[in-house]
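Here's the structure we're looking at; comments come further down.
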Amino acid sequence: MTTVHRVYNFAAGPAVLPLPVLEEIQRDLLALPGVGMSILEISHRSKTFEAILERAEADIRTLAGVPSNYRVLFLQGGASTQFSMVPMNLLTPGTTADYVDTGSWALKAIKEAQKVGTVNVTGSTKADNYSRIPAPSEMTFTPGAAYVHITSNNTIEGTEWKMLPDAGGAPLVNDTSSDMFSRPIDIARHGLIYAGAQKNMGPAGLTIVIVREDLLQRSQKSLPTMLNYAVQAENKSLYNTPPAFAVYALGLVMKWLVAQGGLDAIAKVNERKAAILYGEIDRTGFYRGTAQKESRSLMNVTFRLATEDLEKLFIKESTAAGFDGLKGHRAVGGMRASIYNAFPEEGVNALVGFMKEFERTHG
Ligand code: PMP
């Protein structure tokens with residue numbers, strides 16, 4: 001195999017994938033072992049693809065401890081399509097859905113739900129620039145709500161829920177796009193979980209939905225077929241042609257995760273990586289973390305410098321030094337280091353080394 005140069009990729013998504021996964025894809029791209037065809041060429045109705053899909057689901061179930069009364073769906077359209085599908089399926093007429101407003105993506109979910117039905121926005125931290133997750137005392141849930149929607153990790157603002165809220169019996173719906181399978185998750189406390197795959201789980205083009213079976217009864221026959229959870233579940237995610245390559249690649253990432261020791265083990269690595277980076281941010285005051293400490297994300301580490309000019313210089317010099325994707329989201333500015341499961345610890349140490357040197361020369 002030729003030696004290729006890979007930079008440290010801090011992008012928020014699509015993001016870095018485990019090297020062994022990329023190598024396996026490269027090795028088997030022309031012909032899957034024993035099949036003689038590429039994953040890009042095989043029928044989604046073939047036994048081979050069926051086995052790939054089943055294996056991916058089995059690994060997801062093992063990793064996350066998915067109870068048997070939950071269905072795992074492989075859908076398309078990204079997490080953004082879930083912003084619409086969730087209310088279309090679950091927000092039945094005459095009911096209210098509660099949404100917690102913790103950032104730009106939460107707000108997008110709210111806007112889509114408002115097109116479908118009645119939404120109660122509870123516990124917004126907008127007044128604090130979304131620098132934290134609201135405390136339980138700041139959220140008032142609607143009695144008998146159709147569901148309560150949260151965003152477990154706020155990719156742009158760099159905050160995460162450390163504990164799930166008590167939704168008072170309403171199904172909890174969680175957009176876990178940027179932290180799915182980065183730490184253990186209590187599926188049984190949720191009604192539905194969704195995530196675009198392109199951060200922690202695989203390439204873009206695939207969305208994972210884990211939904212409690214009884215909620216499928218809410219899906220009305222009048223819904224567009226492709227947007228109906230019950231139809232997707234009945235057809236085992238094969239109502240139409242799924243993105244076979246993305247399912248295959250996600251399956252390899254799940255296999256890699258199992259080999260790492262599962263979610264408890266990867267969470268320890270993620271905690272360690274984030275602690276190294278936040279430790280450097282907090283060391284002198286030259287860097288300023290934008291999220292409040294108790295809400296800091298372990299996946300997206302957001303920080304600023306004293307001036308925008310200095311930030312521009314940081315981006316320029318870090319890029320030249322082989323670090324990619326550190327520019328913060330255009331909506332908030334500053335810097336963001338996304339350190340998902342597959343991001344190597346030595347890359348975090350290398351960034352800290354660069355940050356120390358940048359402070360020494362520009363501080
Ligand atoms: N929710 C969150 C928390 C996200 O980070 C993103 C993507 N960055 C989305 C939703 C939208 O995902 P997609 O691009 O898959 O529609």
Side-chain angles (χ1 to χ4, degrees), residues 9-17 73-88 97 99-115 124-126 130-134 147-162 164-165 172-183 185 190 192-210 226-227 237 242-243 245-247 249-250 253 270 290-291 295-302 325-332 336-343:
N9 177 6
F10 288 94
V16 59
L17 288 169
L73 307 179
F74 296 78
L75 306 181
Q76 298 186 58
S80 300
T81 298
Q82 295 309 308
F83 294 166
S84 304
M85 267 180 92
V86 165
M88 287 168 88
Y99 277 72
V100 186
D101 173 26
T102 52
S104 317
W105 290 114
L107 207 51
K108 285 200 168 154
I110 289 166
K111 289 202 171 122
E112 293 306 314
Q114 282 169 335
K115 293 180 188 175
S124 175
T125 49
K126 191 171 193 294
Y130 295 126
S131 61
R132 63 185 182 87
I133 300 298
Y147 59 88
V148 172
H149 182 282
I150 65 166
T151 312
S152 55
N153 186 81
N154 297 278
T155 325
I156 295 177
E157 295 80 6
T159 62
E160 72 178 22
W161 291 75
K162 302 292 177 188
L164 295 173
L172 188 63
V173 175
N174 196 347
D175 174 2
T176 64
S177 289
S178 46
D179 68 336
M180 192 147 172
F181 303 156
S182 69
R183 50 177 171 162
I185 178 162
H190 295 82
L192 186 147
I193 294 161
Y194 63 92
Q198 67 272 18
K199 295 161 200 302
N200 262 325
M201 299 190 291
L206 180 61
T207 311
I208 299 297
V209 172
I210 302 176
M226 283 295 291
L227 303 182
S237 309
F245 175 77
V247 172
L250 177 133
V253 174
N270 288 331
T290 56
S295 297
R296 280 174 163 177
S297 166
L298 301 191
M299 295 286 100
N300 311 100
V301 178
T302 50
L326 284 167
K327 199 166 186 290
H329 191 276
R330 59 193 182 282
V332 297
R336 170 175 57 176
S338 297
I339 46 174
Y340 298 120
N341 286 346
F343 191 89

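Order of listing sets the numbers, starting from 1, for every ligand and every atom in it.
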- For A246, all residues meeting side chain to side chain contact (heavy atoms under 4.5 Å, CB included), sequence neighbours excluded: P203, L206, P243
Are any protein N/O atoms closer than 3.5 Å to the N/O atoms of ligand 1? If there are, list each pair with names and the distance to one decimal place.
unit_1: ligand 1; atom_1: 1 (N); unit_2: D175; atom_2: OD2; d: 2.6
unit_1: ligand 1; atom_1: 5 (O); unit_2: W105; atom_2: NE1; d: 3.4
unit_1: ligand 1; atom_1: 5 (O); unit_2: T155; atom_2: OG1; d: 2.4
unit_1: ligand 1; atom_1: 8 (N); unit_2: K199; atom_2: NZ; d: 2.8
unit_1: ligand 1; atom_1: 14 (O); unit_2: Q198; atom_2: NE2; d: 3.4
unit_1: ligand 1; atom_1: 15 (O); unit_2: A79; atom_2: N; d: 3.0
unit_1: ligand 1; atom_1: 15 (O); unit_2: Q198; atom_2: NE2; d: 2.9
unit_1: ligand 1; atom_1: 16 (O); unit_2: A79; atom_2: N; d: 3.2
unit_1: ligand 1; atom_1: 16 (O); unit_2: S80; atom_2: N; d: 2.8
unit_1: ligand 1; atom_1: 16 (O); unit_2: S80; atom_2: OG; d: 2.6

- Message: Could you tell me if T102 and N154 have a donor-acceptor pair between their side chains, going purely by distance under 3.5 Å?
- Response: yes
- Query: Residues in salt bridge (charged side-chain N to carboxylate O under 4.0 Å, His left out) with R296, at least two apart?
  - Reply: D282
- Message: Is it the case that atom NZ in K126 sees more than 12 heavy atoms from other parts of the structure closer than 6.0 Å?
- Response: no
- Task: Describe, in one word, how the ring planes of H149 and Y194 are oriented to each other, choosing from parallel (under 30°), tilted (30 to 60°) and perpendicular (over 60°).
- Result: tilted
- Item | Pairs satisfying salt bridge (Lys or Arg N to Asp or Glu O under 4.0 Å), at least one member in residues 174-183, at least two apart | E160-R183, D179-R183
